[in-house]
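Below is one structure; the comments refer to it alone.
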Amino acid sequence: MLAKDLMTRPAISVKPDTSLRKAIELMLENDISGLPITDDGGALCGIITESDLLNKGMINFANRKPEQADQAFFEEYVRAHASVVSDCMTRNVVSVSPEDTLPALISLMRARQVRRLPVVVEGKLVGVVSRHDVLKAITTGRDIVASGEDALRLAVRSRLQEELGLGPAEVSVHVSDCVIELTSEGASSAKQRAMELVAESIAGVAGVVFSSRKTSKLVSPSNQSS
């Protein structure tokens with residue numbers, strides 16, 4: 001699943017000269033934690049989030065004297081007394097492309113500790129992927145639908161290669177009555193479970209049997225969380 005499949009479009013955005021009051025109203029009305037900021041040509045130039053607004057309210061000048069002012073003093077003063085979003089927006093925006101994968105989005109959100117990722121094409125905003133969008137994709141789970149034994153076999157083989165880097169030499173795939181039989185010799189318990197999860201993620205699969213040529217077990221999608 002890619003960013004273009006998850007993103008909200010069109011994205012709700014504001015201009016640099018939008019008032020903070022208006023930005024806050026939009027965030028509350030739409031139950032979102034941030035707003036991308038675009039110029040008149042639609043190019044992404046920043047983002048304003050709940051954190052930016054909370055940080056604005058936390059700046060304290062009680063112990064700061066103007067005669068001790070430095071560059072940081074003036075920047076903080078502007079943020080504390082901001083009236084438009086450009087005064088306190090984050091300018092170094094973490095963005096993604098429509099072709100970025102779901103695992104890449106999750107990794108980036110965790111690494112950069114952000115809740116929303118603007119999706120851009122040639123610098124222009126085309127959508128936004130939020131944590132909510134990602135969680136919806138995760139809970140939906142079965143994003144590949146296959147019917148018929150040949151289609152199921154192909155879908156499982158393709159996903160095993162794509163997700164785990166496992167080709168026919170490492171694991172064989174057989175299908176019978178919509179039950180997937182995976183055979184791989186010497187697989188660790190983690191590797192075995194990963195292969196099972198890949199097969200379970202495909203709609204149309206009734207169950208998964210894993211065989212190491214010594215032991216086998218049946219894994220039913222309906223019991224996978226028990």
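The model shown is predicted, which means the values in this text are computed figures rather than measured ones.
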Would the distance check show the side chain of [X] and the main-chain N or O of [Y] forming a donor-acceptor pair, the cut-off being under 3.5 Å?
X: E196; Y: F210; value: no
X: S107; Y: P103; value: no
X: K15; Y: D39; value: yes
X: R91; Y: S86; value: yes
X: S184; Y: E170; value: yes
X: S19; Y: K22; value: yes
X: S188; Y: K191; value: yes
X: R110; Y: L105; value: no

[X] [atom1] to [Y] [atom2] distance, which is reported to the nearest 0.5 Å:
X: L26; Y: D31; atom1: CG; atom2: CG; result: 13.0 Å
X: L20; Y: D87; atom1: CG; atom2: CG; result: 7.0 Å
X: S172; Y: L166; atom1: OG; atom2: CG; result: 11.5 Å
X: T38; Y: I47; atom1: OG1; atom2: CD1; result: 11.5 Å
X: E149; Y: D177; atom1: CD; atom2: CG; result: 6.5 Å
X: I24; Y: R21; atom1: CD1; atom2: CZ; result: 8.0 Å

| query | Testing R112, M109, R131, M7 for side chain to side chain contact (heavy atoms under 4.5 Å, CB included) with L117, which one passes? | reply |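 That would be M109.
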Same cluster for [X] and [Y] if Ile/Leu/Val/Met/Phe/Trp/Tyr side chains link at under 4.5 Å?
X: L164; Y: V205; result: yes
X: L35; Y: V128; result: no
X: V96; Y: V120; result: no
X: V84; Y: I12; result: no
X: L154; Y: L182; result: no

| Around atom CD of E122, are there more than 12 heavy atoms of other residues, nucleotides or ligands at under 6.0 Å? |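 No, the 6.0 Å shell around CD holds no more than 12 heavy atoms from other groups.
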| message | Could you check whether atom CG of N30 has more than 12 heavy atoms from other residues, nucleotides or ligands sitting under 6.0 Å from it? | response |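 Yes, CG of N30 has more than 12 neighbouring heavy atoms, counting only those of other groups under 6.0 Å.
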Are side-chain heavy atoms of [X] and [Y] found at a separation under 4.5 Å?
X: V173; Y: I180; result: yes
X: S211; Y: E181; result: yes
X: T49; Y: R115; result: no
X: S130; Y: I32; result: no
X: H174; Y: R153; result: no
X: E185; Y: S212; result: no
X: V93; Y: L44; result: yes
X: I48; Y: T90; result: no

Could you report the tightest heavy-atom contact between [X] and [Y], atom names first, then the distance?
X: M89; Y: G46; answer: SD-CA, 4.2 Å
X: A199; Y: V208; answer: CB-CG2, 3.7 Å
X: S201; Y: R159; answer: OG-NH1, 3.5 Å
X: L152; Y: A203; answer: CD2-O, 4.1 Å
X: S13; Y: L125; answer: CB-CD2, 4.0 Å
X: A3; Y: S97; answer: CB-O, 3.4 Å

| Does a salt bridge link D133 with K136, judged by any charged N lying under 4.0 Å from a carboxylate O? |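 K136 and D133: not salt-bridged.
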| query | Under 4.0 Å between a Lys/Arg side-chain N and an Asp/Glu carboxylate O for E200 and R193? | reply |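 Salt bridge: yes.
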